[in-house]
Amino acid sequence: MAQPSRTGRYVEMTSQVSFEDNRLVQQLAGVRNGHLKVIEKQLNVRIHLRGNQFTISGDAPDVELVVQLLGDLAELIQRGYPLFSSDILYAIRILSESSRANLKDIFLDQVFVASNKRTVSPKSLKQKEYIEAIRSFDIVFGIGPAGTGKTYLAMAMAGAAMAKEQVRRIVLVRPAVEAGEKLGFLPGDLAEKVNPYLRPLYDALHDMMEFEKASNLIQRGVIEVAPLAFMRGRTLNDAFVILDEAQNTTSEQMKMFLTRLGLGSKAVITGDITQIDLPENKLSGLVEAIQLLKGIDAIRFVFFTNRDVVRHRLVQEIIQAYERMEEQKAGIAGTPIGN
């Protein structure tokens, strides 16, 4: 890695990368050089494409990263990976975090093929760690902000496990109401009352597979979507169980859920401890579980941050803005009177 000059700025450099395959070069560049424009904007470099040769200019560390990026992306394309602009952003983020990261190991780790024929695969180092944990441990906690792929990847892993006949059914669970599961004020029968709170799980499920196939599996009981209150007294064998929005479970509910796990089953618990909607006098079951279970080797905790957000790029900035506000509030609250 190049060192800063005497002025404190990195030395500017120019480097060239060329490939023999014309089609590969076109895929790397993207439509109307769209992929190159993304790289230029993100890393503040200049990229000129002439024939099969890329010429990259900018600060030395950024140029070196682009050279590595183009080489790694070329290998992905050669392996049949369909490259999208969003993948460029994820790849830049991964290599910026660790120059030793292997994009092939991450992007080609195909967890599940969704109904739209796009592969579900990790898009960050933390997501890769998460799916490896789900493969290796029977109980995994995925904790972090919205948009980090906690629930989506868990759903993909559940679909893959069922496709490989590692489990016989999938059970998707959510606290029905954020604060105490009081459903009486809602219109309709019990199923109609809880359905709005389970809708995000249905949305993720239908993104994974065709609507008719998902509906058929639900009718047959192969896939079950249920409020957490319905888990009491049950034992779940040969099942892949996902508890979503776990930050809104009480201590009693979390204990009840974790003790439902039967033989041949796997559980993934997801939540965001910054979005707890329980009454102030209620301790979050997720927060308590982190404290109580972190010493058990057979249980894995994976903590995501705003850097792992894989939704629209503005979601990451929004999360950061709210985090700054919370830090400012905490600073004000901690300021001694008279200062």
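Residues His35 and Phe84 come closest through the heavy atom pair NE2-C, 4.0 Å. The heavy-atom pair separating Phe19 from Leu28 by the smallest distance is CE1-CD1, 3.5 Å. For Leu49 against Ala29, the heavy-atom pair with the smallest separation is CD2-CB, 3.9 Å. In plain terms, the two heavy atoms of Ser99 and Gln68 that are nearest each other are O-NE2, 2.7 Å.
Electrostatic pairing of Glu129 and Lys126 counts as a salt bridge here, judged by a charged N lying under 4.0 Å from a carboxylate O. The existence of a salt bridge linking Asp72 and Lys104 is excluded, since no basic side-chain nitrogen approaches an acidic carboxylate oxygen closer than 4.0 Å. With salt bridges taken as basic N to acidic carboxylate O contacts below 4.0 Å, none links Lys255 and Glu252. A salt bridge links Asp87 and Lys123; the closest N-O separation between the charged side-chain nitrogens and carboxylate oxygens is under 4.0 Å. Ionic pairing of Lys128 and Glu132 is present here: one or more N-O contacts between side-chain nitrogen and carboxylate oxygen are shorter than 4.0 angstrom.
With a 4.5 Å cut-off on side-chain heavy atoms, Glu224 and Leu172 do not count as touching. Considering only heavy atoms from C-beta on, Val66 stays 4.5 Å or farther from Ser15 through its side chain. Taking 4.5 Å as the limit, every side-chain heavy atom of Gln247 sits out of range of all side-chain heavy atoms of Thr274. For the pair Leu103 and Tyr90, the minimum side-chain heavy-atom distance is 4.5 Å or more. Considering only heavy atoms from C-beta on, Leu43 comes within 4.5 Å of Ile92 through its side chain. In this structure the side chain of Arg50 never reaches within 4.5 angstrom of the side chain of Thr55, judged on heavy atoms. Counting heavy atoms from C-beta outward, Ile299 and Phe137 have side chains that stay 4.5 Å or more apart.
Counting heavy-atom neighbours within 6.0 Å of Leu263 CG, excluding the residue itself, gives a total of 12 or less. The local environment of CZ in Arg234 is crowded, with over 12 non-hydrogen atoms from other residues, nucleotides or ligands closer than 6.0 Å. The number of heavy-atom neighbours closer than 6.0 Å to CG of Asp297, taken from other residues, nucleotides and ligands shown, is 12 or below. Around the CD1 atom of Ile273, the shell of radius 6.0 Å holds no more than 12 heavy atoms that belong to other residues, nucleotides or ligands. The number of heavy atoms from other shown groups lying within 6.0 Å of CG (Asn44) does not exceed 12.
From Asp308, atom CG reaches atom OG of Ser124 across 4.5 Å, with rounding to the nearest 0.5 Å. With rounding to the nearest 0.5 Å, the separation of CG in Asp62 from CD1 in Ile39 is 12.0 Å. Separating the CD atom in Gln78 from the CZ atom in Arg23 is a distance of 12.5 Å, to the nearest 0.5 Å. Taken from NE2 in His48 to CG in Asn33, the straight-line distance is 10.0 Å, to the nearest 0.5 Å. Taking CE of Met155 as the start and CG of Asp203 as the end, the distance is 9.5 Å to the nearest 0.5 Å. Atom OG1 of residue Thr250 and atom CE of residue Met256 lie 8.0 Å apart, to the nearest 0.5 angstrom.
If you look at Tyr130 and Phe304, their ring centroids are closer than 6.0 Å.
Under a 3.5 Å cut-off, the side chain of Ser98 and the backbone N or O of Leu95 do not form any donor-acceptor pair. No donor-acceptor pair closer than 3.5 Å links the side chain of Ser18 to the backbone N or O of Gln53. Counting only distance, with no hydrogens or angles, the side chain of Glu12 and the backbone of Ala60 share no donor-acceptor pair below 3.5 Å. Within the 3.5 Å criterion, the main-chain N or O of Leu261 finds no donor-acceptor partner in the side chain of Ser265. Of the possible donor and acceptor atoms, none in the side chain of Asp238 sits under 3.5 Å from a partner among the backbone N and O of Arg168. A donor-acceptor pair under 3.5 Å is formed between the side chain of Arg93 and the backbone N or O of Arg307. No donor-acceptor pair under 3.5 Å is formed between the side chain of Ser121 and the backbone N or O of Asp109.
By the criterion of side-chain heavy atoms lying less than 4.5 angstrom apart, applied directly or through intervening Ile, Leu, Val, Met, Phe, Trp or Tyr residues, Leu36 is not grouped with Val31; the two fall into different hydrophobic clusters. No continuous path of ILVMFWY side-chain contacts below 4.5 Å connects Phe211 to Leu205, so the two sit in separate hydrophobic clusters.
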Would Asp277 and Lys282 count as a salt bridge (charged side-chain N to carboxylate O under 4.0 Å, His left out) if you check the C-alpha gap in whole Å, the side-chain angles of each, and the deciding distance to 0.1 Å?
CA-CA 10 Å; Asp277 298 309; Lys282 284 284 187 179; over 6 Å; no
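With Arg174 as reference, Asp244 is the one residue of Thr270, Thr151, Thr249, Asp244 to meet the side chain to side chain donor-acceptor pair (under 3.5 Å) rule.
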